[in-house]
Amino acid sequence: MRIETQRYTERFGSVRLNEVQKVLELDSGRAKALHPLENIAILKIEEEAIKDYEEKMAIAIPIKNEKLKLFEGVISGVPHDCLIIVVSNSQTKRVNRFRMEKDALNQYCNFTRRSALIIHQKDPLLAKALAEAGYTDLLGEDGLVRNGKSEGMIIAILLAALVKKSYIGFIDADNYFPGSVWEYVKCYAAGFGLAKSPYSMVRILWHYKPKVSTGMYFRKLGRVSEITNKHMNSLISFNTGFETDIIRTGNAGEHAMSLRLAQLLTYASGYAIETRELLSIFEGFGGVLPLVQHPAVKQGVEIFQIETRNPHLHEERGAKHLQAEMLLPSLSAIYYSQLCDGYTRENIINELIAQGILKQKKEEPPPPVMYQAPGEIDLKKFQEVMPENLTPYSALAED
Ligand code: GDD
Ligand code: MG
């Protein structure tokens, strides 16, 4: 693969925020000696180097009642050497969609001789393991893991830690193009290959996000992403004193982290998670708030934003979902960050009023539900309760 080099890096304390890097060539051919003028503006990342990262990577797929055909397409796009971890919150009553997902995954793994784990988010054993390990934040009033994509992602982080993966990448289950799934993973690996710090994150920016209206329209950014990016950049600008538009991936559902970083961050519920991840990094390592005592402060946290060649096409869920489930939690995560200044807060309120989500200036958005860092829980206790057969090829939950 060939991608643009990091042309510009914004620094926020010990966080290195790289400007968007575009993919130029998906397949850059065999490894061979490079011309002296190569690898200056455009970097070649060899296939073998990418494979090394894929072997160490788990790909987490959160899923809730998606079309099975889409799920099958997504798993077929995940490179062979990655461990697939599916965390499902699909229905188990009447039509048991979780069983269908499990069967499809098992069949696929048998034919392709590869590894995968699948678990249901509402598995009582999982809830018990979390309670024993001290991660009660994640549990709702019924004692089971709360609903939400973020909750599914946190479970995937814990499972990836149990099976000793070094990296975790997230990919939604409702993607129409297996080829773009494949490219996301290549981009994750390429980003990790460029990182100088073991605490790194790769966020995907789609080349286009097509919409069908009168014809096909190749939109660059989603509406929610544009708004989130604007307010996130405002927060950074206020804290550094220099105006910036460096963040282009505030809501990037497709993103990956070294497990060391993933275990350090605090998370927010539902769809606020990707925004909250950035805030957690800035709060911990931006140097504005008291720095946490951690080697990551010295080594720094690196964030890459990589623009794919493939467009992104997924299920459409309508305006209500975008506003109430994505925009509001995302902006509320920024609003309640300890780093958020009065100016950004006021603009967020105005935005929410303009969007019809808040009625008047005196109103405040509801604070996000927050989750402690997965690294703080007792992973040994978690493992003791989880079934011993937590090994590749096993399907954890029985219904
Ligand atoms: N395990 C689990 N539990 N998965 C869930 C849950 C849940 O409660 N709710 C949704 N999912 C799964 C969906 O099935 C899908 O695979 C993925 O999480 C993303 O959910 P979508 O409903 O498709 O989200 P979206 O398309 O509106 O937003 C996506 O893109 C945004 C960026 O544009 C998400 O990835 C957002 O988090 C992201 O910000
Ligand atoms: Mg989607």
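Just follow the structure's listing: the first ligand is 1, and inside any ligand the first atom is 1. Worth knowing before you read on, the calculation uses all heavy atoms, side chains too, and leaves out hydrogens, waters and symmetry mates. Bear in mind the structure is a predicted one, so any value in this text is a computation, not a measurement.
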Inset, instruction - Could you tell me which atoms of ligand 1, counted from 1 in the order shown, lie closer than 4.0 angstrom to a heavy atom of Glu66? - result: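 Going through ligand 1 atom by atom, the ones under 4.0 Å from Glu66 are 13 (C), 14 (O), 15 (C), 16 (O).
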
Inset, instruction - Would you mind listing which atoms of ligand 1 come within a distance below 4.0 Å of any non-hydrogen atom of Met326? - result: 27 (O), 28 (O), 31 (C), 38 (C), 39 (O)

Inset, instruction - Please find the N/O/S atom of Asp174 nearest to the Mg ion (ligand 2) and write down its name. - result: OD2

Inset, instruction - Check all N, O or S atoms of His314 and name the one closest to the Mg ion (ligand 2). - result: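 The atom in question is ND1.
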
Inset, instruction - Give the single entry among Glu325, His314, His120 that approaches atom 26 (O) of ligand 1 most closely by any heavy atom. - result: His314

Inset, instruction - Give the single entry among Leu70, Asp172, Asn147 that approaches atom 35 (O) of ligand 1 most closely by any heavy atom. - result: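 Looking at heavy atoms only, Asp172 sits closest to atom 35 (O) of ligand 1.
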
Hey, is ligand 1 close enough to [X] that some N/O pair sits below 3.5 Å?
X      : result
Gly152 : no
Ile273 : no
Trp206 : no
Pro62  : yes
Ser225 : no
Glu315 : no
Gly253 : no

Examine the side chains of [X] and [Y] and answer whether a donor and an acceptor come within less than 3.5 Å of each other.
X      : Y      : value
Thr9   : Asn18  : yes
Gln21  : Thr5   : no
Ser180 : Asn175 : yes

Suppose we measure from [atom] to each protein heavy atom; which comes out shortest, and what is that distance?
atom                    : result
atom 24 (O) of ligand 1 : Tyr271 CE2, 3.3 Å
atom 39 (O) of ligand 1 : Asn251 O, 2.6 Å
atom 5 (C) of ligand 1  : Lys64 CB, 3.7 Å
atom 4 (N) of ligand 1  : Ile63 N, 3.2 Å
atom 8 (O) of ligand 1  : Gly148 N, 2.7 Å
atom 25 (P) of ligand 1 : His321 NE2, 3.7 Å
atom 21 (P) of ligand 1 : Arg317 NE, 3.3 Å

At under 4.0 Å between heavy atoms, is it the side chain or the backbone of [X] that contacts ligand 1, or both, or neither?
X      : value
Glu274 : side chain
Glu254 : neither
Phe170 : neither
Gln121 : side chain

Check ion pair [X]-[Y] (N to O, under 4.0 angstrom):
X      : Y      : answer
Glu325 : Lys149 : no
Lys67  : Glu315 : yes
Asp52  : Lys56  : no
Glu183 : Lys186 : no
Arg276 : Glu283 : yes
Glu47  : Lys51  : yes
Glu274 : Arg203 : no

Legend entry - Nearest heavy atoms of Ile168 and Ala262, plus distance in Å: CG2-CB, 4.2 Å

Inset, instruction - Could you walk me through whether Arg16 and Glu302 pass the salt bridge (Lys or Arg N to Asp or Glu O under 4.0 Å) test, one step at a time? - result: CA-CA 5 Å; Arg16 298 194 286 281; Glu302 263 176 293; 3.4 Å; yes

Legend entry - Criterion ring pair (Phe, Tyr, Trp, His ring centres under 6.0 Å) on Tyr167 and Tyr53, from CA distance to verdict: CA-CA 8 Å; Tyr167 300 94; Tyr53 286 99; 5.6 Å; yes

Inset, instruction - Describe, in one word, how the ring planes of His294 and Tyr199 are oriented to each other, choosing from parallel (under 30°), tilted (30 to 60°) and perpendicular (over 60°). - result: perpendicular

